There are 6 protein chains.
Amino acid sequence: MTAVSAAPAEVLRTAYQKSVASYWNAEQDPVNLRLGDVDGLYHHHYGIGEVDLSVLEGPEATREARIIAEMHRLETAQADVLLDHLGDIRPHDRLLDAGCGRGGSSIMANQRFGCEVDGVSISQKQVDFANDQASRRGVSDKVRYHFRNMLDTGFETGSRRAIWNNESTMYVDLVELFAEHARQLEFGGRYVTITGCYNDVTGGRSKAVAQIDQHYTCNIHPRSAYFKAMTANGLVPISVVDLTAQTIPYWELRAKSSVATGVEDPFLTAYREGSFHYLLIAADRV
Amino acid sequence: MTAVSAAPAEVLRTAYQKSVASYWNAEQDPVNLRLGDVDGLYHHHYGIGEVDLSVLEGPEATREARIIAEMHRLETAQADVLLDHLGDIRPHDRLLDAGCGRGGSSIMANQRFGCEVDGVSISQKQVDFANDQASRRGVSDKVRYHFRNMLDTGFETGSRRAIWNNESTMYVDLVELFAEHARQLEFGGRYVTITGCYNDVTGGRSKAVAQIDQHYTCNIHPRSAYFKAMTANGLVPISVVDLTAQTIPYWELRAKSSVATGVEDPFLTAYREGSFHYLLIAADRV
Amino acid sequence: MTAVSAAPAEVLRTAYQKSVASYWNAEQDPVNLRLGDVDGLYHHHYGIGEVDLSVLEGPEATREARIIAEMHRLETAQADVLLDHLGDIRPHDRLLDAGCGRGGSSIMANQRFGCEVDGVSISQKQVDFANDQASRRGVSDKVRYHFRNMLDTGFETGSRRAIWNNESTMYVDLVELFAEHARQLEFGGRYVTITGCYNDVTGGRSKAVAQIDQHYTCNIHPRSAYFKAMTANGLVPISVVDLTAQTIPYWELRAKSSVATGVEDPFLTAYREGSFHYLLIAADRV
Amino acid sequence: MTAVSAAPAEVLRTAYQKSVASYWNAEQDPVNLRLGDVDGLYHHHYGIGEVDLSVLEGPEATREARIIAEMHRLETAQADVLLDHLGDIRPHDRLLDAGCGRGGSSIMANQRFGCEVDGVSISQKQVDFANDQASRRGVSDKVRYHFRNMLDTGFETGSRRAIWNNESTMYVDLVELFAEHARQLEFGGRYVTITGCYNDVTGGRSKAVAQIDQHYTCNIHPRSAYFKAMTANGLVPISVVDLTAQTIPYWELRAKSSVATGVEDPFLTAYREGSFHYLLIAADRV
Amino acid sequence: MTAVSAAPAEVLRTAYQKSVASYWNAEQDPVNLRLGDVDGLYHHHYGIGEVDLSVLEGPEATREARIIAEMHRLETAQADVLLDHLGDIRPHDRLLDAGCGRGGSSIMANQRFGCEVDGVSISQKQVDFANDQASRRGVSDKVRYHFRNMLDTGFETGSRRAIWNNESTMYVDLVELFAEHARQLEFGGRYVTITGCYNDVTGGRSKAVAQIDQHYTCNIHPRSAYFKAMTANGLVPISVVDLTAQTIPYWELRAKSSVATGVEDPFLTAYREGSFHYLLIAADRV
Amino acid sequence: MTAVSAAPAEVLRTAYQKSVASYWNAEQDPVNLRLGDVDGLYHHHYGIGEVDLSVLEGPEATREARIIAEMHRLETAQADVLLDHLGDIRPHDRLLDAGCGRGGSSIMANQRFGCEVDGVSISQKQVDFANDQASRRGVSDKVRYHFRNMLDTGFETGSRRAIWNNESTMYVDLVELFAEHARQLEFGGRYVTITGCYNDVTGGRSKAVAQIDQHYTCNIHPRSAYFKAMTANGLVPISVVDLTAQTIPYWELRAKSSVATGVEDPFLTAYREGSFHYLLIAADRV
C-alpha cells in the first residue's frame with residue numbers, strides 16, 4: 001500500500017462529496033493552522049478539559065499566543081483521550097485515521113504506539129499537507145496519508161487493529177461508514193469515534209444544530225443513529241462517554257479568541273440547551 | 001370528535017416541537033398572509049405551473065397586487081394537483097390534513113368533495129386562524145382544525161378515507177408519521193404528500209438545502225427516506241411525480257416580488273443544481 | 001464482453017426457468033411476429049395510447065394489416081415512454097435490456113442514444129433471432145443479445161448507466177432481480193420497468209389475474225412487492241405512472257384482431273375491475 | 001362468545017375475499033358433499049394413506065359408493081393425522097379451526113378431546129351448514145361456527161390452546177395469518193397446518209401449480225414462505241412432515257371416480273414432478 | 001397501583017421462571033442476608049470500588065464482621081453508581097426497580113430522590129421481605145414491592161421516569177425485557193442496568209461463565225445482545241462504563257470471607273481472562 | 001483441495017474456540033473410543049432406537065462388551081437416520097461433514113453414496129485420527145479430514161450437494177454457521193442436522209441444560225434459533241423430527257454402563273422434563 005493517490009473521479013463519487021472536498025481544499029482557518037503551528041500537530045477537531053484561565057491575563061502582547069497555545073493543548077488532550085480508548089496496540093499493528101484532516105492524530109498515534117498509521121481524506125490539499133508534515137518528522141515510512149474516500153478505502157479486509165473518526169462522521173452515511181470499517185477491522189479490533197451528535201430526547205435538529213450543519217455543509221446525526229449503525233455492522237460498544245461538559249470550556253475560550261470563526265455561538269447554545277452532545281464511543285469488532 | 005384543543009403539554013412532546021410551534025405562532029410572513037387575503041384561502045406551501053409573465057408588465061401601481069394574485073393562483077393550483085390524487089372521495093368520507101397551517105387545503109377539499117375534513121397543527125395560532133376562516137365561510141360543521149401533533153392525533157383507527165401532508169413532512173420523523181397515518185387510514189385509503197426532498201444521487205444535504213433547513217429549523221429528508229418509511233408502514237405508491245420543473249417558475253416570480261423572504265435563492269439553487277426535488281407521492285394503505 | 005452464449009446449465013438453474021425458456025423457444029405467436037414484421041422492431045410487450053379507430057373502417061382486404069400496424073404503433077409508443085424515463089444517456093454509456101425478448105427495445109435505445117446495449121434472455125431462440133436482427137441493421141457491434149439469466153448476468157459490477165425490464169419481471173423473484181440490477185448499475189444509474197402488477201387494495205390475485213398467470217406460467221407480483229424489493233436494494237423511485245387507462249384501448253383493439261391469443265379477456269377484466277395495474281416505475285440507484 | 005355472525009362488510013374486506021366467499025357459497029361439489037354424506041363429517045381437504053384397491057373391483061352397482069367411502073376414509077385419516085399433532089389437549093382447552101369449511105375437522109376434534117372448538121369461515125353458507133351439523137349431533141354447545149375472517153377473528157388474545165388450518169392458508173397472506181394466530185394462542189400453544197405449497201427448489205410456480213391456483217382462485221405459497229412467516233410471529237416448528245407420497249394414492253383414486261372435478265391432473269402432475277409438496281407443519285407459540 | 005400481588009399462574013409463565021422463583025424463594029445465602037443486616041439495606045448484587053484491606057487485620061474476633069461491613073459498603077457503592085446515572089429525578093417522578101430482590105436499591109432511590117419506587121420480583125418471598133423492610137422504615141406509602149414478572153408488569157404505559165435492572169437481566173430475554181421497559185418509560189425517560197455480560201471478542205460462553213450460569217440457572221448474555229435489544233426498542237445509550245476492574249477487589253475480598261458461596265472462583269477467572277465484563281449501561285427512551 | 005492443514009492461528013479465531021479445541025484434543029473418553037473400536041467407526045454423537053435389553057443379561061464377563069456393542073449400534077443407527085435425510089446423492093457429488101469429530105459419519109456417507117466427503121474439525125488430534133482411519137480403510141482419496149473452522153472453511157462457493165452437522169452446532173453462532181453452509185451449498189442442496197436444543201416453551205435454559213453446557217463448555221441453542229437462522233440464510237425445512245423419545249433408551253443404557261461420563265443424568269432429566277429436544281432438521285438451500 002503506497003501513498004500514491006487515486007484519481008479524483010474514483011474518490012469523489014457525488015456532488016456533495018465534491019463540495020465537501022472543495023471546502024476543505026480551500027480552508028485556511030487560523031483556528032486550525034495557527035494552533036497546529038504551536039508544535040506541528042495540525043488537528044481538525046475541538047478540545048476538552050479544564051481551561052487555564054490565567055492565559056487571559058498577563059501581557060497583552062502575548063495574550064493571543066497564550067490563548068492559542070491553551071486551545072491547542074486542549075485539542076491535543078482530546079486526541080489523547082481518543083487514543084486512550086484504542087486498547088492494547090502493538091508496534092506491528094496497523095491503524096486507520098478515517099477523515100484525517102491535516103494529520104495530527106495519526107502522528108500522535110505513531111508516537112505513542114510505534115506502529116503504522118494510514119490516514120485518509122477526500123481533500124487532496126489536506127493529504128499533501130499531512131504527508132509533508134510526516135516527511136519533516138521523518139516518519140513517512142510509518143505514517144501515510146491518502147486521497148481516498150473513507151466509505152471505500154481500498155485497504156485490505158481485516159487489515160486494521162484499530163480505526164478512528166475524530167469528528168468526521170457527520171459528512172457520511174453511518175451505515176455505509178461502519179460497514180466499511182467493519183470490513184477493514186480484524187476480529188476483535190477496536191473502533192473509536194469522538195463526534196458531535198444531536199439529542200434524540202430534545203427531538204429533531206435544533207436551530208443551533210442546523211446552524212452548525214449549514215456552516216460546515218455537514219449532516220449531524222442523532223445519537224441513536226450511531227448505535228443503530230454499529231449494531232447493524234458488528235461493532236459492540238465497550239465505552240460511551242458524554243464529553244459535553246468537558247468541551248464547553250474550550251468553546252468559551254475560543255469565543256474570546258481572535259481565531260473564532262462564528263460557529264462558537266451555535267456550539268455553545270446547542271451544548272447548553274442539551275440539544276447536542278460531544279460523545280466518545282469505543283466499540284469492538286465482532 | 002370536537003374542535004376542542006388538547007393541552008400544550010400533550011401536543012408538544014419535545015423541545016424541538018416547542019421551537020417549531022413558537023416559530024409558526026409568531027410567523028406573519030406576507031408571502032402567506034397577503035396571498036391568502038386574495039380570496040381567503042390561506043396556504044403554507046409553494047406554487048406550481050406556468051407563470052403569466054404579463055403580471056410583471058402594466059401599471060406600476062398594481063404590479064405588486066398582480067404578482068401576488070399570480071403567486072396565489074399557483075399555490076392554489078398546487079393544492080388542486082394534490083387533491084386530484086386523493087382518488088374517489090365521497091361526501092360521507094372523512095379526511096385529514098396533517099400539518100394544516102392556516103387551513104386553505106382543507107377548505108378546498110371540502111368544497112370539492114363535500115365531506116368532513118380535520119386539520120391538525122402544533123401551532124395554536126394557526127389552528128385558531130383556520131377555525132375562524134371556517135366559521136366565516138359557514139363550514140365549521142364540516143371543516144375543523146385541531147391543536148394536535150400529527151404523530152399522535154388521537155383520531156380513531158381506520159377512520160380516514162384519505163390523509164395528506166402538504167409540505168409538512170420535513171418537521172417529523174417519517175417512520176413515526178407514516179405509522180400514525182397507516183393507523184388512521186381505512187384499508188385501501190389514500191395518502192398524498194407534496195414535499196421537498198433532497199436527492200440521494202447528489203449525495204448528502206447540499207449547502208442550499210442546509211440553508212433551507214436552517215431557515216425553517218426543519219429537517220429535509222432524502223427522497224429514499226419516503227419510500228423506506230412507506231414500505232415499512234403498508235403504504236404502496238401509485239403515483240410519483242417530480243414537480244421540480246413546474247415549481248421553478250413560482251420561485252422565479254417570488255424572487256422578484258415584494259414578499260420574498262430570502263429563502264428564494266437557496267430554493268432556486270437547490271432545484272437547479274439537482275440536489276433537491278419537489279415531489280408528489282400518492283400511495284394506498286394496504 | 002462478447003455475445004458468446006453461456007452453457008444452458010449455468011443459465012437455467014431451476015425446472016421453472018427451464019419451462020419458461022421452453023415456452024419462449026417454442027413461441028411463434030403472430031401477435032409478436034406479425035407486428036414486428038411491420039418495421040423490424042420485434043417487441044414482447046403491450047401497447048399504450050389512443051387508438052386510431054379509423055383502422056377498423058375502410059377496405060376489408062387491408063383491415064387486418066391496418067389493425068396490426070396500429071397495434072405495432074402502440075407497442076412502439078410504449079417502448080418510447082419507457083426510454084423517455086431512462087434519463088440523460090450519453091453515447092459512451094452502457095445499457096442493459098433485462099428480459100429482452102426478440103430485441104426491439106434494445107434497437108430503439110441504440111437508435112435514440114447511440115450507445116451500447118446488451119440484452120439478455122433465457123430463450124436461446126429469442127437471443128439468436130435478436131442478434132440476427134441486429135446484424136441485418138448493421139448494429140451488432142453496439143447491440144448484443146446474450147443467452148443469460150437476468151438474475152445472474154455475469155456483467156461487471158457498476159458497469160451500467162441504465163437497466164430496464166419491459167414486462168419481464170413477472171418471471172422472477174423481485175428481491176433477487178433488483179439485487180442483481182443494483183449490483184450492475186453505477187451510483188446514480190437509472191432503472192425503469194413497465195409491468196403488470198396486481199392491486200394490493202383489491203386483495204389477493206383475482207380470477208382474471210390467475211388466468212394470465214396460468215396462460216404465461218408466470219407469477220404476477222402485487223404492486224407492493226416492487227417497492228419493498230426496490231427499497232431493500234437501493235433503488236429510489238423518481239416516477240411512478242399508472243398506465244392502465246392508456247393500455248386498455250390497445251387491448252380492446254387486439255381483442256378484435258386476428259392475432260388475439262385468448263388472453264385479452266382476462267387482461268380487460270382485470271384492468272377494468274381494478275385488480276390489476278399497468279405500471280411504470282423509474283428509480284435511481286443510490 | 002356466541003355464534004352470532006358479524007356483518008358481511010366487516011368480514012369481507014377486499015374484492016378478493018368477496019370473490020372467494022362467493023365461490024364457496026355457491027360450491028356444491030359432490031366430492032365434498034357426497035363424501036360427507038357417508039358419515040356426516042363434511043371435509044374440505046384431501047386424503048392420505050394407502051388406498052384399498054379392492055374398492056375398484058366387485059359389483060359395478062356399488063363401485064362408486066365403495067370409491068366414495070374409501071376417499072372419505074382417506075380424508076378423515078388426514079384429519080386424524082392433523083389432530084395427532086395438536087399435542088396434549090384437555091377438555092377445558094379451547095381450539096380454533098381456521099377456514100373450517102363445512103366443519104368436519106371441528107367435530108372430530110370435539111369427539112377426540114371433549115373440548116370447545118370454534119370454526120371460522122368467510123362463507124356464510126358453510127357456516128350455516130356446519131352449525132346445522134353440530135345441532136344434529138347435539139354438540140352445538142361445544143362446537144360453534146362463525147362467519148368471520150381468519151385474519152381478524154375477534155377472539156380473545158391468548159384464548160386458544162391450539163389452532164389449525166386444514167388446507168386454507170392459500171387464500172391469505174401468511175404474515176397476517178400467523179400474526180393473528182400468534183395473538184390468539186396462549187404461550188406454548190400449538191399450531192398445525194396441512195397445506196399444499198410449491199417447491200422453492202424447482203423455482204417459481206409451475207404450470208400445474210398455476211392451474212390449481214386458477215381453479216380455486218387461490219394463491220399457493222412457496223414452502224419458504226411458511227417458515228419465514230412463522231419465524232416472524234413466534235411460531236417454532238416441532239414437526240415438519242412431507243405427506244406428498246401419502247396423498248398421491250388419494251388423487252389417483254379420485255381421478256378414477258365420478259366426483260373428479262378436473263383438478264386431479266394438475267395435482268398429480270405437480271406432486272410427481274416435485275414442484276409441489278403436501279406438507280404438515282406443527283409449531284409451538286413462544 | 002397497590003401492592004396486592006398477582007396470582008402465581010399469571011406471573012410465572014414458564015417452567016424456567018418457576019424454577020428461578022423457587023431458587024430465590026429458598027435462598028438464604030449469608031452473603032445476601034448478613035450483609036443486609038449491617039444497615040437494613042438488603043442487596044442482591046455485587047460491589048465495586050477499592051477495598052480497605054485493613055479489615056483483614058486487627059482482632060480475629062471481629063475480622064469477619066469487618067469483612068462483611070466492607071463488602072456491604074462496596075455493594076452499596078455499586079447501587080450508588082447506578083443511581084448516579086438515573087439523571088434528574090424529581091419527587092413526583094415514578095421509578096421501577098426491575099428484579100428488585102430484597103429491595104435495597106429501591107429504598108436508596110427513595111432516600112435520594114424522595115419519589116415513589118415500585119420494585120418487582122418473581123419471588124414472593126423476596127417481595128414479602130422487601131415490603132416488610134419498607135414498613136419498618138415507614139416508607140411503604142412510597143416504596144412498594146410487587147410479585148410480578150418484569151416482562152409483563154401491568155404498570156401503565158409511559159408511567160416511569162426511570163427504570164433499572166441491577167444484575168437481573170440474565171434471567172430473561174433482552175428483547176422482551178426492553179420492549180416492556182420501553183413501553184413503561186415516558187419519552188426521554190432513563191434506563192440503567194449494571195450486569196455481567198460475556199465478551200463477544202473472546203467468543204462463546206467460556207467455561208467460567210458457564211459455571212456461573214450453572215450456579216444461578218441463569219443465562220448470561222453476550223455484550224452485543226444488550227445493544228441489539230436496546231436499538232430495537234428505542235433505548236439510546238448515553239453512558240457505557242466497564243466496571244470490571246472496579247469489581248475484582250470485591251470478589252477477592254469475598255473469596256477470603258466466610259460468606260463465600262463457591263461462585264467466587266468462576267467470577268474471578270472470567271473477569272481476569274477477559275471473557276466477562278461487569279458493565280453499566282445508561283440509555284434514554286426515545 | 002488437499003488435506004493439508006491450515007495454520008492454527010487462522011482456524012482458531014477466539015479464546016473460546018481455542019478452549020474447545022483443547023478440550024477435544026485432550027479428550028480420550030472411552031464412550032467415544034471404545035465404541036468406535038467395535039468396528040472402526042468412531043462417532044461423537046449419541047444413539048437412537050430401541051435397546052436390546054438382553055445385553056444386560058448373560059455372562060458377566062462379556063456384559064460390558066455387549067453393552068458397548070449395543071450403544072455403538074444405536075449411535076450408528078443415528079448416523080444412518082441422518083444420512084437417510086440427505087436426499088438423492090450421486091457418486092460425483094461432494095459432501096461436507098461439519099464438525100466431523102473422529103470421522104465416523106463421513107466414512108458411512110462414502111460407503112453409502114460412493115462420493116467424496118470432506119470433514120472439518122478444529123481439533124487437530126481428531127483430524128489426524130480420522131485421516132488415519134480413512135487411510136486404513138483405503139478411502140483417503142475420497143474421504144479427507146481438515147483442520148478448519150466450520151464457520152470459514154475455505155471450500156468453494158456452491159461446491160456441496162449436501163452438508164451436515166451431527167451434534168456440533170452447539171459450539172457456534174447459528175447465523176454465522178448457516179451463512180457459511182448456504183455459501184457452500186449448490187442451489188437445491190440439502191442441509192441436515194441432528195442436535196440437542198432447549199425448548200422455548202419451557203422457557204430459558206433449565207438447570208439440567210446448564211449442566212450439559214457446563215460439561216462440554218458449549219452453548220445449547222433454543223429450538224427457535226435454528227429456524228430463525230435458517231430462514232435468514234435461505235435454508236427451507238422439509239423435515240423436522242423430534243427424536244427425543246427415541247434417544248432416551250440410549251441414555252438409560254449408557255447410564256448403566258462403565259463408560260458413563262456423568263453427563264447422563266442431566267440429559268435424562270432434561271429430556272424427561274421437556275426442557276430439551278433431540279431434533280433432526282433437514283432443509284433445502286434455495
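Protein chains get the first letters and strands the later ones, always in sequence-line order, with residue 1 at the start of each. Worth saying up front: this structure is predicted, and the values here are computed from it rather than measured.
Only the backbone of F/Ser206 comes within contact range of chain E, with at least one heavy atom under 4.5 Å from a heavy atom of that chain.
Heavy-atom pairs under 4.5 Å with chain F peak, among E/Val209, E/Asp213, E/Thr217, at E/Thr217.
When all heavy atoms of F/His215 and E/Lys207 are compared, the pair lying nearest together is O-NZ, 3.4 Å. Between E/Val201 and F/Thr14 the shortest heavy-atom distance is O-CG2, 3.8 Å.
Side-chain atoms of F/Tyr198 and E/Asn219, non-hydrogen and from C-beta on, do get closer than 4.5 Å to each other.
Rounding to the nearest 0.5 angstrom, the gap separating the CZ atom in E/Arg13 from the OG1 atom in F/Thr202 is 12.0 Å.
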